[in-house]
Amino acid sequence: MNKTKLIFAGLGAFGVFAFIVLGVIAVLMHESFSVLNSFVGELGKYPSGYLGFSPAFLFNIGLAIAGLTTAVFFVWYGLDKQSILETAFSFFGILTGTLIAAQGVFTLNNVSAHYIFTTLLFASAFITGALYVVVSLLPGSLGKASLAGMLTAFAAAAAGAVFAVFVQIGNMPYILGVPFATRIKVIPFAIVEWAALLLLFAFIGMLCVKMILSALKEEGSGETGGLKIKKPSFGLKKKKQEETLDF
């Protein structure tokens, strides 16, 4: 069992779980919120100042936990720099996690900052998903990506790109000014944002599960961050390093 790998994967899985649990509780506690016609940021908007206990507080705590653990999780992919694209995947994964956490800090109570960080989040999610698909398709890439993982990454990237563009050129400010009670029942771009975020967490969760299963199958190497080094022999033939990284 690779203990180091298991810790990284476990942290990522815990973050996804925390977001789902706290997010569901926040939605159920909110009196008039609906994912069909309300944006993600609206669930995290404090009704009266910061840090008051409310559905927004729980939701933002979930975002912060999920974002920070996601950033730590993607550090693992940077431990083995086999190519520029794989290093870039790790970098944008860490950036995406950091921006998820930022959503819980720069809420709609600070509109201008929230718009900026929301655009950056979904743009980063688009790049992360796109890089995963590209790296997985390259000959000789590390590990074999499942079709489900690639499709989830592609869908998350596509939805993220669409919503990032909408934040900048759409009518989001107008929609946010309409009270929940008088809005139309379904707002397509609100659904796109929720889909992009949930697909992103589904993608991260799939990577975590795959890494956990791989870590449980590996022997030892817990102190080397997943790097398995064979003991040198007394022969003339040099031993190669065995490096493991899951995609």
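Please read all numbers here as calculations on a predicted model, not as lab measurements.
Side-chain contact between T152 and M206 is present, with at least one heavy-atom pair separated by less than 4.5 Å. Residues F122 and E193 meet the side-chain proximity criterion, which asks for heavy atoms closer than 4.5 Å. The shortest side-chain heavy-atom distance between K45 and H114 does not fall under the 4.5 Å cut-off. Looking at heavy atoms from C-beta onward, L121 lies out of side-chain contact with F163 at the 4.5 angstrom threshold. Contact of the V40 side chain with the F59 side chain is registered, since non-hydrogen atoms from C-beta on lie closer than 4.5 Å.
At least one donor-acceptor pair closer than 3.5 Å links the side chain of N2 to the backbone N or O of K5. Between the side chain of S214 and the backbone N or O of K210 there is no donor-acceptor pair closer than 3.5 Å. In this structure, the side chain of N37 does not engage the main chain of I187 through any donor-acceptor pair within 3.5 Å. Checked by atom type and distance alone, the side chain of T128 pairs as donor or acceptor with a backbone atom of F92 at under 3.5 Å. A distance-only check finds no donor-acceptor pair linking the side chain of T107 to the backbone of G104 [under 3.5 Å]. Side-chain N or O atoms of S90 include one that pairs as donor or acceptor with a backbone N or O of F74 at under 3.5 Å. A donor-acceptor contact shorter than 3.5 Å is absent between the side chain of S124 and the backbone of L120. For the pair N60 (side chain) and G44 (backbone), a donor-acceptor distance under 3.5 Å is present. The closest donor-acceptor contact from the side chain of T182 to the backbone of P179 lies under 3.5 Å.
Within the model, atoms CG of L108 and CD of E42 stand 6.5 Å from one another, a figure rounded to the nearest 0.5 Å. Rounding to the nearest 0.5 angstrom, the gap separating the CG atom in L151 from the CG atom in L199 is 11.0 Å. Atom CE of M29 sits about 10.5 Å away from atom CG of L43, to the nearest 0.5 Å. Once rounded to the nearest 0.5 Å, the distance linking CZ of F91 with CG of L131 reads 11.0 Å. Atoms CG and CD1, on L200 and I100 in that order, are 5.0 Å from each other to the nearest 0.5 Å. Considering CG of L207 and OG1 of T70, their distance stands at 10.0 Å, rounded to 0.5 Å.
Exactly one residue among L22, L28, V21 makes a side-chain contact (heavy atoms from CB on, under 4.5 Å) with V24. That residue is L28.
Taken together through direct or relayed side-chain contacts under 4.5 Å among Ile, Leu, Val, Met, Phe, Trp and Tyr, F33 and I175 form part of one hydrophobic cluster. Under a hydrophobic-cluster definition in which Ile, Leu, Val, Met, Phe, Trp and Tyr are linked whenever side-chain heavy atoms come within less than 4.5 Å, directly or via other members, L85 and F89 are assigned to the same cluster. At a threshold of 4.5 Å between side-chain heavy atoms, the hydrophobic network of Ile, Leu, Val, Met, Phe, Trp and Tyr places L68 and I20 in two separate groups. Both F19 and V105 are part of a single hydrophobic cluster, where members link through side-chain heavy atoms under 4.5 Å apart. Under the 4.5 Å side-chain contact rule for hydrophobic residues, V192 and I184 share a cluster.
Counting all heavy atoms, side chain and backbone alike, A196 lies closest to G160 at CB-N, 3.8 Å. Of all non-hydrogen atoms in G12 and C208, the two that sit nearest each other are C-SG, 3.4 Å. Contact record, K185 with L36: O-CB, 3.6 Å, taken as the closest heavy-atom pair. Among all heavy-atom pairs drawn from G15 and T69, the shortest one is CA-OG1, 3.1 Å. Across all non-hydrogen atoms, the minimal contact from A190 to S38 is CB-O, 3.6 Å. M150 and L137 get closest at one heavy-atom pair: CE-CD2, 3.3 Å.
In this structure, F17 has its ring center at least 6.0 angstrom away from the ring center of F14. Aromatic ring centres of F8 and F73 lie farther apart than the 6.0 Å criterion allows. Taking the six-membered ring wherever Trp is involved, the centroid distance between the rings of Y132 and F203 falls below 6.0 Å. Here the two rings, on F189 and F39, have centers that are 6.0 Å apart or farther.
No more than 12 heavy atoms of other residues, nucleotides or ligands sit less than 6.0 Å from atom CD1 of I84. Counting non-hydrogen atoms of neighbouring residues, nucleotides and ligands closer than 6.0 angstrom, the CZ atom of F154 reaches no more than 12 such neighbours.
Between F180 and H30, the angle of the ring planes goes over 60°, which puts this pair in the perpendicular group of the 30/60° scheme.
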